[in-house]
Protein chains: 2
Amino acid sequence: MPNPQSMSLYTVFLRVARDSSFTAAARTLGYTQSAVSRQIQTLEDEWGVPLFDRLPRGVRLTEAGRVLLPHAEAVEARLATARAEIEALRTLAAGRLRIGAFATADAQLLPSALAAFRARHPGVRVTRAEGLSAGLLQLLTAGELDLAVVTAPEGAPDGVELHHLLDERMYVALPRSHPLAGRTDVRLAELADEEWIAGSTRPEQTLMRTAVADGFRPRPGFVVAEWIAKQGFVAAGLGVTLVPALAACAARPDLALVALHPDDAPWRAVYAATPRGPAPTPAVAAFLALLRQAAGRLAS
Amino acid sequence: MPNPQSMSLYTVFLRVARDSSFTAAARTLGYTQSAVSRQIQTLEDEWGVPLFDRLPRGVRLTEAGRVLLPHAEAVEARLATARAEIEALRTLAAGRLRIGAFATADAQLLPSALAAFRARHPGVRVTRAEGLSAGLLQLLTAGELDLAVVTAPEGAPDGVELHHLLDERMYVALPRSHPLAGRTDVRLAELADEEWIAGSTRPEQTLMRTAVADGFRPRPGFVVAEWIAKQGFVAAGLGVTLVPALAACAARPDLALVALHPDDAPWRAVYAATPRGPAPTPAVAAFLALLRQAAGRLAS
DNA sequence: GTCCCGCCATGCGACAAGCGAATGTCTAGC
DNA sequence: GCTAGACATTCGCTTGTCGCATGGCGGGAC
């Protein structure tokens with residue numbers, strides 16, 4: 001049963017040209033002879049010239065038909081190519097996937113999923129973007145990303161679909177020598193005297209957001225954006241800082257990570273965001289599944 | 001008003017892709033928005049994937065759509081090329097014309113028409129075949145000729161259409177010194193004592209055919225096929241021969257041509273033969289018209 | 001916050017196109 | 001002359017396509 005898409009007038013034309021017969025072409029195409037006769041007639045009406053000479057035994061291309069023939073073949077070939085390429089897209093043998101993630105998701109969650117994805121679908125070109133959640137969502141709605149890993153997007157979840165990946169708890173990074181370094185968890189109040197190393201001068205844009213909203217006023221210390229620098233400052237005893245669970249595995253060994261009590265900084269939700277639409281791309285669906293898997297492994 | 005032929009699904013697809021809008025595409029194509037919407041849906045069903053993302057302000061190509069786009073453009077371009085070539089065929093800016101003619105038609109009738117044809121339609125490639133009427137008709141029915149100039153085809157006018165061009169009378173070629181050289185016409189009986197130079201040993205295949213059928217028995221002389229040789233023999237006084245009117249203009253000046261009485265050799269009909277079919281090629285039609293013109297000039 | 005507007009999807013009825021089955025027409029070959 | 005094969009045509013039905021109308025959805029203006 002041939003693909004209905006390929007049953008265009010030109011397919012019929014080519015079949016007839018090759019068979020030099022309406023009847024034979026009809027048989028191989030699964031049509032009746034009358035259908036083929038009229039399809040060719042339709043084609044001839046469209047082109048304004050007869051394409052076949054009707055002979056007592058079959059048909060023969062006219063000169064116009066002979067001129068049309070290579071073009072029809074080219075059209076068929078081109079459509080076949082397109083069909084193969086789109087099929088490749090569907091089966092993830094080719095294509096494009098543009099993902100974005102906030103920084104700490106790049107520590108383990110995203111690379112893990114990405115490695116699995118590239119291993120299974122080496123034909124898909126993957127491009128990456130880094131950024132804060134708000135910016136990534138903007139790129140997503142602008143159609144410049146296919147999927148973004150974001151955190152608690154209170155801002156504007158308009159036109160995007162959120163898929164919950166995991167909830168991560170917060171840790172405090174301390175020097176190994178700190179008195180609290182051996183604790184299983186800690187309250188913010190116990191750290192009121194520490195200098196806090198923040199990623200930004202505005203606490204609303206840092207991990208301290210929820211704590212600040214609850215009334216906690218950290219002693220401001222250095223402002224350090226880079227993760228490696230932050231760790232260095234803490235290790236040197238210049239202050240303490242918050243570390244999300246996703247980044248915990250990337251902490252240098254001379255730091256102690258102590259879990260923060262959930263009442264002080266509740267677990268942070270991490271989502272994969274996709275454009276709102278009836279059908280996510282196969283590539284997006286596959287990557288999302290792998291993200292879920294990776295998130296499951298991290299949560300356990 | 002666009003050519004209906006070009007209004008395929010792919011044309012609509014391309015227009016929508018360029019306009020990024022169903023509504024705008026519908027306006028320029030002369031459709032309603034709903035028609036475009038469903039045409040795209042049909043295309044998406046055929047390809048099995050969505051081709052456009054529906055946005056609040058228009059649409060945007062999906063990845064599959066972006067893959068399809070260049071192929072659709074190529075298909076359109078190819079069909080446009082085909083359209084141009086077939087149009088060239090119709091307007092005789094290009095094409096092919098295969099003609100054939102019996103020998104004496106090549107003396108003036110056919111070259112005259114051919115010269116006019118090539119002057120008017122230099123883009124048409126013309127090929128020529130020589131032969132006897134019967135063979136030419138065979139080539140014609142075999143589809144290897146488009147037009148043949150033939151004489152009284154009693155044989156088998158099957159599958160060919162005959163267009164009467166002219167009726168030519170017969171002449172007798174005599175040496176200038178011959179007693180009958182000054183006459184305006186002559187009867188065969190007056191030439192009973194002459195040696196007859198024939199083109200073949202079989203009188204049925206020569207110009208003497210009708211005379212032989214009427215009971216005339218010429219004194220057999222040399223058998224000479226080539227026209228230039230025949231003339232030489234007659235000029236040397238070795239005999240007389242029949243000359244059709246079409247070849248009269250090509251007779252060497254030292255010969256005398258005397259018209260044969262119509263009762264002895266009735267005027268010979270010359271036809272243009274074309275394959276029986278509802279529509280002769282434009283090239284054939286044009287050449288036939290020029291043949292008629294040339295025949296008219298010769299008859300007068 | 002509410003309204004309005006632009007854009008796409010869809011239900012509906014009318015019309016045309018496309019199909020299969022049967023029949024007609026033409027030709028070649030015996 | 002008759003038969004067989006091939007294309008054209010007619011008929012009735014199914015299917016598709018269009019325009020018109022309506023509905024849903026989101027963004028921008030007031």
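Proteins come first, then strands; the chains are lettered A, B, ... in the order of their sequence lines, and each starts at number 1.
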Pairs under 3.5 angstrom only: tabulate donor-acceptor contacts from the side chains of residues 50-57 of chain B to other protein residues two or more places apart or in another chain.
unit_1: Arg54(B); atom_1: NH1; unit_2: Glu44(B); atom_2: OE2; d: 2.9
unit_1: Arg54(B); atom_1: NH1; unit_2: Phe52(B); atom_2: O; d: 2.9
unit_1: Arg54(B); atom_1: NH2; unit_2: Glu44(B); atom_2: OE1; d: 3.2

>> Using whole Å, what does the distance between atom C1' of nucleotide dA17(C) and atom CG of Leu9(A) come to?
In response: 11 Å
>> Between Glu73(B) and Arg18(B), does any NZ, NE, NH1 or NH2 come within less than 4.0 Å of an OD or OE carboxylate oxygen?
In response: yes
>> Does atom CD (Gln138(B)) have a neighbourhood of more than 12 heavy atoms from anything else shown, all under 6.0 Å?
In response: no
> How about Arg128(B): does its CZ atom have over 12 heavy atoms from other parts shown lying under 6.0 Å from it?
Replying inline: yes
> Given atom CD1 of Ile40(B) and atom P of dC7(C), what is their separation to the nearest angstrom?
Replying inline: 16 Å
>> Rounding to an integer number of Å, can you tell me how far Glu161(A) CD sits from dC25(D) C1'?
In response: 16 Å
>> Looking only at the side chain of Thr32(A) (C-beta and beyond, no hydrogens), which of the listed nucleotides dT17(D), dC18(D), dG20(C) gets closest?
In response: dG20(C)
> Asp19(B) CG to dC7(C) C1': how many Å, rounded?
Replying inline: 14 Å
> Atom CG of Leu29(B) and atom P of dC18(D): how far apart are they, to the nearest Å?
Replying inline: 11 Å
> Between Tyr31(B) and dG19(D), is there a side-chain N or O to OP1/OP2 distance below 4.0 Å?
Replying inline: no
> Between atom CD in Gln39(A) and atom P in dG20(C), what is the gap in whole Å?
Replying inline: 9 Å
> How would you list, by chain and number, every residue that makes a ring-ring contact (aromatic ring centres under 6.0 Å, His included) with His121(B), sequence neighbours excluded?
Replying inline: Phe117(B)
> Nearest-Å distance, CG (Leu51(B)) to C1' (dA9(C))?
Replying inline: 16 Å
>> Walk along nucleotides 6-12 of chain D from 5' to 3' and tag each nucleotide B, S or - by protein heavy-atom contact under 4.0 Å, base first, then sugar-phosphate.
In response: SBBBBB-
>> In whole Å, I'd like the distance from the CG atom of Leu43(B) to the P atom of dG16(D).
In response: 15 Å
>> Can you tell whether the side chains of Arg66(B) and Glu63(B) come within less than 4.0 Å, N to carboxylate O?
In response: no
